[in-house]
There are 2 protein chains.
Amino acid sequence: MSKLKELYPLTFVDVALFCVDEQGLRVLLVQRALEPEIGRWALPGGILKPDLDASLEAAARRVLGTKIGVDISHLEEVRTFSGADRDPRGWSVAVLYCALLPRDQIDAVAKNKVAAVDWLDPFHIGHRLAFDHALQIEAALRLLQNKVKRNALPLHLMPELFTLTALQRTCEAVLGRSMDKAVFRRRIKGSEDLVETEEFELGRQRPAQLYRARSGFLFE
Amino acid sequence: MSKLKELYPLTFVDVALFCVDEQGLRVLLVQRALEPEIGRWALPGGILKPDLDASLEAAARRVLGTKIGVDISHLEEVRTFSGADRDPRGWSVAVLYCALLPRDQIDAVAKNKVAAVDWLDPFHIGHRLAFDHALQIEAALRLLQNKVKRNALPLHLMPELFTLTALQRTCEAVLGRSMDKAVFRRRIKGSEDLVETEEFELGRQRPAQLYRARSGFLFE
DNA sequence: AGAATAGTGTCTGTCAGACAGTATCGC
DNA sequence: GCGATACTGTCTGACAGACACTATTCT
């Protein structure tokens, strides 16, 4: 078996699942129930199973389903992490994926097969994480921020119907800075992915028009 | 052994090595000397060897050295390709890297351990390629183009000293379209990575000032 | 002088940032 | 009316595209 490890790397998939709540941007972490790094917080992840998985992306989707009970359509590869030292079990490859969860489905996360799950601020993780997962979160966060900087709309983070102000708050949460309202609206008005509805969100003030994402929209 | 294949994927690294010659942008392909896909053209690549390689990127660097005798400092991961069907030897993962070769080192390519090597136009590959390498070239090309579109300067493609016109021709070769000279110069004048020299390239016409890349520059 | 290429000046439209203004609700 | 939030108008500076212009070499 030790001979095997010299020939075949262990292959993992890890997922950085982001959402936005009242506190801002959040990333899902799970507390490890097994060695190695037992008790430490980590990104949800698992071993690639060639007999079960059609691809690495499919493996990531399976892991999200079995470990935390969520079904995410939109997964994007971030990059790989590899080497002999990143996991005590041996030479390993981890392929990191980034995923976004709509803010009205935050509570849908179950905790199958893990000790605990929690949403944490990716800008200030309070824990010392397992393996190289602090690095992984940083890489996923940067990918997400770069896309939003390039005017991609993170509509996967929004509920079915949302106001433009809510969308702006979401982009601000991702970037970690506030934006000018008029500038933001002017920029996104041209987007094909944004569909106006006839509905309004009522509140204590002037009602805000509701929008929805175009079906089949991409986060690009 | 067949049991093994159900547990461990084969892990490959492939490299799309680009250069620019008089014809425009080129990508390096090698003709396979072994089964599977013997005789077909493919990107240079090889199996990850955990006992030799410190990381996937190191593996890519080793493959470039042993197969075609070039030593490339700058490697960038593009993405992974995976699944049961992409290689007849079994469930596999291929991690694709992109690399750039200076135009004055084009002839440095040797052909160790492969039947033949050739530089081909990545926009119009004439051959039917091995595995999913046509897809891989497309992905690497898009990465390269996107960086140049975002005003990154592909200085790794340039020789030690070069004129601004030569740099523009290189960018045009990458993008596959021509650019306005004044616009191009205005844009790159602000770049920290571009260092003016006192030397000039003499020719049949007005001499052109020579530039060099700042040492430690990044392609971003 | 003329050809050829290096390099610059300028007009125009577009868009981001900043900020103030108007509109429409609940109370 | 007042507070609060939605939404819009406008000024300004930066920059891209287009294109014409000047500069410097060789023959």
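Reminder, nothing fancy here: chain letters follow the sequence lines and each chain counts from 1.
Atom CG in B/Asn151 sits about 7 Å away from atom P in D/dA16, given to the nearest Å.
Residue B/Gln145 holds its CD atom at 8.0 Å from CG of B/Leu25, rounded to the nearest 0.5 Å. Of the inter-residue distances, the one linking A/Lys147 atom NZ with A/Cys171 atom SG reads 13.0 Å to the nearest 0.5 angstrom. Annotation: the span from A/Met179 atom CE to A/Glu172 atom CD amounts to 6.5 Å, rounded to 0.5 Å.
Near DNA chain C, defined here as any heavy-atom distance below 4.0 Å, the residues from residues 161-177 of chain B are B/Thr165, listed numerically.
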Considering only distance and modelled atom types, tabulate donor-acceptor pairs under 3.5 Å from the side chains of residues 185-193 of chain B, sequence neighbours left out.
{"unit_1": "B/Arg185", "atom_1": "NH2", "unit_2": "B/Thr165", "atom_2": "OG1", "d": "3.1"}
{"unit_1": "B/Arg187", "atom_1": "NE", "unit_2": "B/Asn151", "atom_2": "OD1", "d": "3.1"}
{"unit_1": "B/Arg187", "atom_1": "NH2", "unit_2": "B/Asn151", "atom_2": "OD1", "d": "3.1"}
{"unit_1": "B/Ser191", "atom_1": "OG", "unit_2": "B/Asp193", "atom_2": "N", "d": "3.1"}
{"unit_1": "B/Asp193", "atom_1": "OD1", "unit_2": "B/Arg214", "atom_2": "NE", "d": "3.0"}
{"unit_1": "B/Asp193", "atom_1": "OD1", "unit_2": "B/Arg214", "atom_2": "NH2", "d": "2.7"}

With 3.5 Å as the limit, what N/O pairs link the protein to nucleotides 24-27 of chain D?
{"unit_1": "D/dC26", "atom_1": "O4'", "unit_2": "B/Arg204", "atom_2": "O", "d": "2.7"}

Tabulate protein N/O versus nucleotide N/O from nucleotides 8-15 of chain D, keeping only pairs under 3.5 Å, one per line.
{"unit_1": "D/dT10", "atom_1": "O4", "unit_2": "A/Arg186", "atom_2": "NH1", "d": "3.2"}

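At a threshold of 4.0 Å, the pair B/Arg62-B/Asp53 counts as salt-bridged, since one of the basic side-chain nitrogens sits closer than that to a carboxylate oxygen.
Here the closest non-hydrogen pair linking A/Arg86 and A/His133 is NH2-NE2, 4.4 Å. Among all heavy-atom pairs drawn from A/Ala140 and A/Cys98, the shortest one is O-SG, 4.5 Å.
Using a 4.0 Å cutoff to heavy atoms of chain B, the contacted part of DNA chain C runs 5' to 3' from C/dA4 to C/dT10.
Distance alone, capped at 3.5 Å, is enough to place a donor-acceptor pair between the A/Tyr97 side chain and the A/Glu57 backbone.
Test A/Leu153, A/Val174, A/Leu143 against A/Val148 for side-chain contact (heavy atoms from CB on, under 4.5 Å) and you get one pass: A/Val174. A side-chain contact (heavy atoms from CB on, under 4.5 Å) with A/Phe81 holds for exactly one of A/Leu135, A/Val93, A/Asp14; it is A/Leu135.
Applying the side chain to side chain donor-acceptor pair (under 3.5 Å) rule to pairs touching residues 195-208 of chain A yields A/Glu196-A/Gln209, sequence neighbours excluded.
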- Query: salt bridge (Lys or Arg N to Asp or Glu O under 4.0 Å) between A/Asp21 and A/Arg103: does it pass, once the steps are laid out?
  - Reply: CA-CA 6 Å; A/Asp21 67 10; A/Arg103 62 190 310 162; over 6 Å; no

